There are 2 protein chains.
Amino acid sequence: MPEKQKRSARKQAEPDLGILSSWLLFAVQRELFETMEREGFEKLGPRHGAVLAYLDEEGTRATDLAALSGQHKQVIGTLIDELVEAGCVERRPDPQDRRAKLIVPTEAGLERMRRSDAIMAAIERRYAKELGEEDYAQFKRAFTRIAQAARSRERA
Amino acid sequence: MPEKQKRSARKQAEPDLGILSSWLLFAVQRELFETMEREGFEKLGPRHGAVLAYLDEEGTRATDLAALSGQHKQVIGTLIDELVEAGCVERRPDPQDRRAKLIVPTEAGLERMRRSDAIMAAIERRYAKELGEEDYAQFKRAFTRIAQAARSRERA
DNA sequence: AGTGATAGTCAAGATTAGTGACGATAATGT
DNA sequence: ACATTATCGTCACTAATCTTGACTATCACT
């Protein structure tokens with residue numbers, strides 16, 4: 001091994017946190033959506049995950065989805081349009097606030113959310129096996145702490 | 001704490017790998033680019049990072065940058081145009097291959113790359129302090145293994 | 001009632017990503 | 001030497017995505 005290796009090689013061997021996150025994010029996203037599609041679920045982009053991931057069974061307001069996912073209301077709006085089109089959610093008036101609408105998952109939407117959660121869990125189990133249960137659990141605890149710290153720093 | 005908590009709350013408390021990755025990626029990216037801009041570097045988007053991150057001191061070919069960053073040649077082309085505009089890189093003919101051009105960082109570009117690496121390192125040190133050096137080192141080893149596994153799975 | 005803030009939508013623009021084709025050059029096989 | 005095939009970077013075009021500003025209806029507070 002050369003003492004003064006090329007920068008690109010170093011970045012491959014000892015990637016920084018940003019590079020690691022992007023590798024993992026894109027790989028996980030792609031695997032999730034390819035699996036869903038292969039299983040016959042209607043094709044949706046990763047962007048729709050931003051809505052589905054934060055959706056409550058009893059429904060969630062579009063503004064909350066925007067805040068949770070960090071996207072603009074406008075984007076959430078079109079995302080919801082497409083999810084309605086795909087039969088995953090429906091818009092219901094919010095009894096608490098007549099300005100607002102609750103985005104409520106349909107049965108098909110719930111099914112998709114459950115399946116998506118299960119696939120993510122399977123991906124994690126694969127890594128847990130590869131790394132060892134103990135080490136993986138510790139990794140995930142640390143990751144959760146760091147990511148939550150990063151996120152709260154964002155919001156400030 | 002309710003036994004049957006809402007899904008969105010659960011996702012906040014026990015996020016999956018995809019959510020964690022996106023939180024960390026976006027936070028880190030934003031901090032990096034905001035810091036760079038605050039220090040007077042010309043404003044560039046996160047996308048340019050895909051080029052700068054993998055750039056070698058001696059220069060790298062556009063096609064290699066496309067492969068490393070996983071983006072299309074076309075995208076890399078415009079990114080390079082903008083980086084040339086910003087004075088960070090220049091196109092030089094590749095003596096080995098007259099079809100190709102080497103993308104070589106200018107002195108200003110090198111300065112930016114060094115600074116960017118330093119900021120990332122500082123961000124990591126902050127998390128290391130927060131988590132404890134020992135735990136952080138173990139976290140990063142695990143993260144590196146998992147992300148590299150995910151990435152190689154991608155390429156297959 | 002009157003005021004300012006908020007929810008969701010409409011519309012238009014800017015930015016970014018993805019595709020196919022092309023001229024130039026290189027690599028390969030004969 | 002020559003023809004064939006593959007690769008490098010670019011051009012032109014389309015589609016997807018993000019961003020911004022404005023607007024209506026409703027809410028919360030006085």
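Letters A, B, ... mirror the listed sequences (proteins, then strands); counts begin at 1. All of these numbers come straight from a predicted model, not from anything done at the bench.
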> With a cut-off of 6.0 Å (strictly less than), are more than 12 heavy atoms of other residues, nucleotides or ligands near CD of E58(A)?
Replying inline: yes

Let me confirm one number: the [atom1]-[atom2] distance from [X] to [Y], rounded to the nearest 0.5 Å.
X       : Y       : atom1 : atom2 : result
I146(A) : L24(B)  : CD1   : CG    : 7.0 Å
R10(B)  : D117(A) : CZ    : CG    : 6.5 Å
R114(A) : I119(A) : CZ    : CD1   : 13.0 Å
L131(A) : R145(B) : CG    : CZ    : 5.0 Å
I103(A) : I80(A)  : CD1   : CD1   : 3.5 Å

> What residues in residues 79-94 of chain A put a non-hydrogen atom under 4.0 Å from any atom of DNA chain D?
Replying inline: none

> Under the criterion side chain to side chain contact (heavy atoms under 4.5 Å, CB included), which of M113(A), E90(A), E111(A) is the partner of P105(A)?
Replying inline: M113(A)

>> Listing request: all side chain to side chain donor-acceptor pair (under 3.5 Å) pairs with a residue in residues 36-46 of chain B, at least two apart in sequence or in separate chains.
In response: E39(B)-R115(B)

In this structure, how many angstroms lie between the [atom2] atom of [N] and the [atom1] atom of [X], rounded?
X      : N       : atom1 : atom2 : result
I76(B) : dC11(D) : CD1   : P     : 16 Å
R47(B) : dT15(C) : CZ    : P     : 10 Å
L65(B) : dG9(D)  : CG    : P     : 9 Å
H48(A) : dA16(D) : NE2   : C1'   : 11 Å

Give me, pair by pair, the N or O atoms of the protein and of nucleotides 2-5 of chain D that are less than 3.5 Å apart, along with how far apart they are.
none

>> Across nucleotides 22-30 of chain D, 5' to 3', mark each nucleotide with B, S or - according to how protein heavy atoms within less than 4.0 Å reach it.
In response: ---BBS---

>> Keeping Q12(A) on the side-chain end and Y54(B) on the backbone end, is there a donor-acceptor pair under 3.5 Å?
In response: no

>> For dG9(D) and T63(B) - does any side-chain N or O of the residue sit under 4.0 Å from the phosphate oxygens OP1/OP2?
In response: yes

>> For D16(B), is there an ion pair with K11(B) - N to carboxylate O distance below 4.0 angstrom?
In response: yes

>> Quick check: F143(B) with F143(A) (ring centres under 6.0 Å apart)?
In response: yes

> Hey, which of these two, H72(A) or P46(A), hits DNA chain D nearer its 5' end, going by closest nucleotide?
Replying inline: P46(A)

>> So for the helix from dA1(C)-dT30(D) to dT30(C)-dA1(D), with five pairs setting each end axis, what is the inter-axis angle to 10°?
In response: 40°

>> Could you check whether any side-chain heavy atom of L44(B) comes within less than 4.5 Å of a side-chain heavy atom of L83(B), counting everything from C-beta outward?
In response: yes

>> Between the base of dA11(C) and the side chain of Q74(A), is one N or O donor paired with an acceptor at under 3.5 angstrom?
In response: yes

>> Using the side chain to side chain contact (heavy atoms under 4.5 Å, CB included) criterion, which residues pair with V75(B)? Sequence neighbours excluded.
In response: R47(B), Q71(B), H72(B), L79(B)

